[in-house]
Amino acid sequence: LFKDTSEVFNPLWVIDQPQISVCNDQIFTPISPTYQLGSWGYNCQLNWCEADPDVTQSEEGICKCWRREAMTTCSSDYATVNTKIVAGRQLTVEDVRGPVADYFGLTAGHQISNQQRQGLQRTTNVAPVVTEEWERGSREVREVTEVLGTVERTEQSSSCGYQDLCFCTSWACKMPAGWRKVPNLRIPALINATQRRLSASRSKAPSAPPAPVPDVPTLSEAMEPKLEGPAAPRYLEMLSPEAQVVAPANRATVDVVFGITVTASSLLLGEVDLEHGWEFTELHEVSQPWAQRNMYQFCTDFPLELRVVESRCWIRDFRTYLLARGNRFPIVASQFEQLIIPFAESYLTGMRSTKDFLWIRDGKVKASYIPMTVDFARYAATEDAIEYKALWDKYLDDFNLEASIYSKGAWHTSVVWVRAEAQSALIRSTIVTIAIVVGLALLGMLIFTKDSKLSSLVVGSTLIVVFALTWFIVVVMGWPIGPIEVIALIVFIGYAVTYSLHIAHRYGSSDVQQELTLSGDSSDIRFLRTVFALGSIGRAALGSAVTTAGCSIFLVFCTLTIFKKLGGVVLVVTVMSIAVALIPLPAALLWFGPVRPGRCFCFYPTETYENLMNSREKYVQDLEKRKEQQAKQREERAEIKKQESERKQREKEEEEERKRKEKEEEEERKKKEAKEKAKQLSAKAKAAKAKAGPQKIRTGSGESSVEAEGLRTRTGSSEAALPSPGLKASAPPARRISGNEHTSGRISATGLEVGEEIPSGAIQVSGR
């Protein structure tokens, strides 16, 4: 499976002795009458078995079991049963005496008593088991729990004893001859433990605790891909016909290359040496099993967003070839070299020979490529092609990150990428070139006009023409940006600059000085300069534009596309340039053109030093005056702000004082109303008291008398206070007066006339 260490490691490296012992068949050791629990794993610190690809991985809580009979005949009424359970965690005593014991009792002709259930022996001091699925290279580490016990035989034909091997939520090992599939074992409480590295070791003695050993992986970290991680996106081998939108004749092709490194780079001048611009990747070895696994996975697990319709994948055909011969895939390196050449020479991949997809040197496959047809237009827009290429970039980056060192370095190429990147680079270079040209034009106009404002106006006019020309090419004509369009945009900037430059240069010319008066207003000076510029050069510029446009009209009717495009661009840029030079530019000059263009010491050394110094002193004086005015304005604003703040504070205090007075008045009014009400109530009470006099009340237990004066009730020796007639009052809680009970409180006497008898029990007294 692996190369010899002398071929992999430098001679200076010393290979240490193995620190753990790995067993690959001890788990299948048959039991005997003298069998001791866990004895099969005394000399093993790790167990390994190859997973059976035809058996699916069991679900959580379900264990797939295989059984081998211990003996065929026996005379005992009891049978010895044994099971090894491979799971994500070790089984507890409750698991053994519960689901496992029930599992033993379900065997035909066997039953397990409560005593036998309690007597089941369990050991967890057993080395873990590593199951490896060869084709995909996936591995799982699971704990082993062994259970041993006896059950009662209820029939003479029942089993004399057996041993089971159960795999819970894991791959099942390839079982040797003599093992048969039996019903599943269900352990609902079983939760798979996280896979751990192959670093644990168990002591040989059953009673001793496990001894830790250093990490010793079966493969180097650099040689095996990452097997764990987040859930992968949805994958599909090929895009379904219903999801395809591009006609087969217009579909693009993407080639993925393995084992080649590009060494050439683009040159500023000269051609690239394509013959020596690449080399074989040194570490690429498709003969290694992990390289075969990675390439096969690449061919079968395409994300939906890549829209792969067909892949001519030679490694997939090679797998079919091996399985037909009775070999397994992937094949080891020593056999790969013997079988790949006959396969490449005799088999077809798609409609071509397989060897056309391989680079074979000295009998070894050094590199290969896989072409794929995708549901993407061959002549798609540049933006769409760049976005689609980014999807392939991400997919290949993820693949190279996860793949082994023997298959890393894959890259993709397509004619679509070349066209899209060339056009994208063309657009970027066009923008940079236009910026450089406009900058140089600005510098040249500064030299000619000797004024920054005039130069800026001419540059602005030029940019307007360039943007308008771009809009005409892309929007009006719908031409894709190509070499012809780029040349037109760059070369014909000269046409866009020429007419505006002439108008601005004549505006700032010294010939117009004799027509100006020293007392003229700024707007009058701009008007005279603009009229002079248009009168002196406007007709000549218009005539030049008409001549150029007339010559370009004939190119528009040519047969060749390049002449038609160049003629149309020349015609449009000429019309736009003369229109901008004769309409927007003069308007801008009339609005804010320079009054004295070019008046600078560096351009006019004839200006006297005295005039310059006088101008400097005047400027300093004006600056000081402006500073004084600004300081005065700041002081005035600060004073106004202070006064405003004081005014707001006074208003706030006045408002608070007003609210306080209103509140006091309201309280005084309420007090007066309360006093008036109290007086009225007192007057009513006195009137009622004078009118009522003493009242008698008859209760259920005898006679009672009610006195208006003093408001007392008497029942035998009990008495209660009563309110005046016409008033109603109460005090909780309410209850009735009976017997000689003495109560005090307030009762209702409203509506009673003086001397009127009250029926027995008809008066209710509330109080204590």
Between W417 and Y388, does the ring-ring contact (aromatic ring centres under 6.0 Å, His included) criterion hold? Intermediate values first, please. CA-CA 9 Å; W417 312 158; Y388 184 61; 5.7 Å; yes

Take K389 and E421, measure what salt bridge (Lys or Arg N to Asp or Glu O under 4.0 Å) needs, and give me the verdict at the end. CA-CA 10 Å; K389 177 180 175 294; E421 289 184 341; 3.2 Å; yes

Assess whether side chain to side chain contact (heavy atoms under 4.5 Å, CB included) is satisfied between M372 and W392, documenting all intermediate values. CA-CA 12 Å; M372 282 160 289; W392 279 95; 4.0 Å; yes

With side chain to side chain contact (heavy atoms under 4.5 Å, CB included) as the test, would you mind laying out the steps for F258 and I370 before giving the verdict? CA-CA 8 Å; F258 297 85; I370 300 172; 3.7 Å; yes

When you look at V374 and R251, which way does the side chain to side chain contact (heavy atoms under 4.5 Å, CB included) test go after all the steps? CA-CA 6 Å; V374 295; R251 289 172 181 161; 5.9 Å; no

Walk me through it: do L442 and V438 pass the test side chain to side chain contact (heavy atoms under 4.5 Å, CB included)? CA-CA 6 Å; L442 176 62; V438 171; 5.6 Å; no

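Q297 has its side chain out of reach of R136: every pair of non-hydrogen atoms, C-beta onward, lies at least 4.5 Å apart. Counting heavy atoms from C-beta on, the side chains of F329 and I315 come closer than 4.5 Å. Using a 4.5 Å cut-off on side-chain heavy atoms (C-beta onward), W171 and S138 make contact. The closest side-chain heavy-atom distance from R419 to V416 is below 4.5 Å. Two residues are said to be in side-chain contact when any heavy atoms from C-beta on lie closer than 4.5 Å; P371 and F357 meet this criterion. When side chains are defined from C-beta on, P330 counts as touching W134, because their heavy atoms get closer than 4.5 Å. Side-chain contact between W479 and V569 is present, with heavy atoms from C-beta onward closer than 4.5 Å. Annotation: side chain of L469 is in contact with side chain of I473 (closest heavy-atom distance under 4.5 Å).
Taking all atoms of both residues into account, the shortest heavy-atom contact from S407 to H284 is CA-ND1, 4.0 Å. The shortest heavy-atom contact between S311 and C299 is OG-O, 4.1 Å. In terms of heavy atoms, N400 sits closest to G409 at OD1-N, 3.2 Å. For the residue pair S577 and A496, the shortest heavy atom distance occurs at OG-CA, 3.1 Å. Considering every non-hydrogen atom in both W290 and S404, the closest pair reads CB-OG, 3.7 Å. When all heavy atoms are compared, the tightest approach of V246 to A377 is CG2-N, 3.9 Å.
A distance-only check finds no donor-acceptor pair linking the side chain of Y507 to the backbone of P586 [under 3.5 Å]. Checking side-chain atoms of T349 against main-chain N and O of W314 turns up no donor-acceptor pair under 3.5 Å. Using modelled atom types, one side-chain atom of Q292 and one backbone atom of I331 make a donor-acceptor pair closer than 3.5 Å. In terms of modelled atom types and a separation under 3.5 Å, the side chain of S500 and the main chain of V497 share no donor-acceptor contact. Listed for the E285 side chain is no donor-acceptor partner under 3.5 Å among the backbone atoms of Q288. When atom types are taken as modelled, the side chain of R312 and the backbone of R352 share no donor-acceptor pair closer than 3.5 angstrom. R378 places a side-chain N or O within donor-acceptor distance of the main-chain N or O of A249, the cut-off being under 3.5 Å. Judged by distance alone, the side chain of S552 and the main-chain N or O of A549 form a donor-acceptor pair under 3.5 Å. Side-chain atoms of W411 come within 3.5 Å of backbone N or O of I260 as a donor-acceptor pair. The backbone N or O of D255 lies less than 3.5 Å from no partner atom in the side chain of H412, so there is not a single donor-acceptor pair.
Under the 4.0 Å criterion applied to side-chain N and carboxylate O atoms, E135 and R319 are assigned as salt-bridge partners. We find that E305 and K394 are not joined by a salt bridge, their nearest charged nitrogen and carboxylate oxygen being 4.0 Å or further apart.
One finds the CD1 atom of I340 at 8.0 Å from the OG1 atom of T354 (value rounded to the nearest 0.5 Å). Between atom OH of residue Y499 and atom CG of residue L542 there is a gap of 9.0 Å, rounded to the nearest 0.5 Å. The structure places CG of L585 at 8.5 Å from CG of L454, a figure rounded to the nearest 0.5 Å. One distance of note links CG of D362 with CD of E337; it measures 11.0 Å at 0.5 Å rounding. If you take CG on L571 and CZ on F472, they are separated by 7.5 Å, rounding to the nearest 0.5 Å. Atom CZ of residue R307 and atom CZ of residue F376 lie 10.0 Å apart, to the nearest 0.5 angstrom.
The aromatic ring centres of Y395 and F298 sit less than 6.0 Å apart. The distance between the ring centers of W278 and F280 falls below 6.0 angstrom.
The number of heavy-atom neighbours closer than 6.0 Å to CZ of R539, taken from other residues, nucleotides and ligands shown, is 12 or below. Residue F592 places its CZ atom among more than 12 non-hydrogen atoms of other residues, nucleotides or ligands, all under 6.0 Å distant. Within 6.0 Å of NZ on K355 lie no more than 12 heavy atoms contributed by other residues, nucleotides or ligands.
Under the 3.5 Å distance criterion, with hydrogens and angles disregarded, a donor-acceptor pair is assigned to the side chains of S424 and R428.
Under the ring-ring contact (aromatic ring centres under 6.0 Å, His included) rule, F318 has a single partner from F336, Y296, Y347, which is F336.
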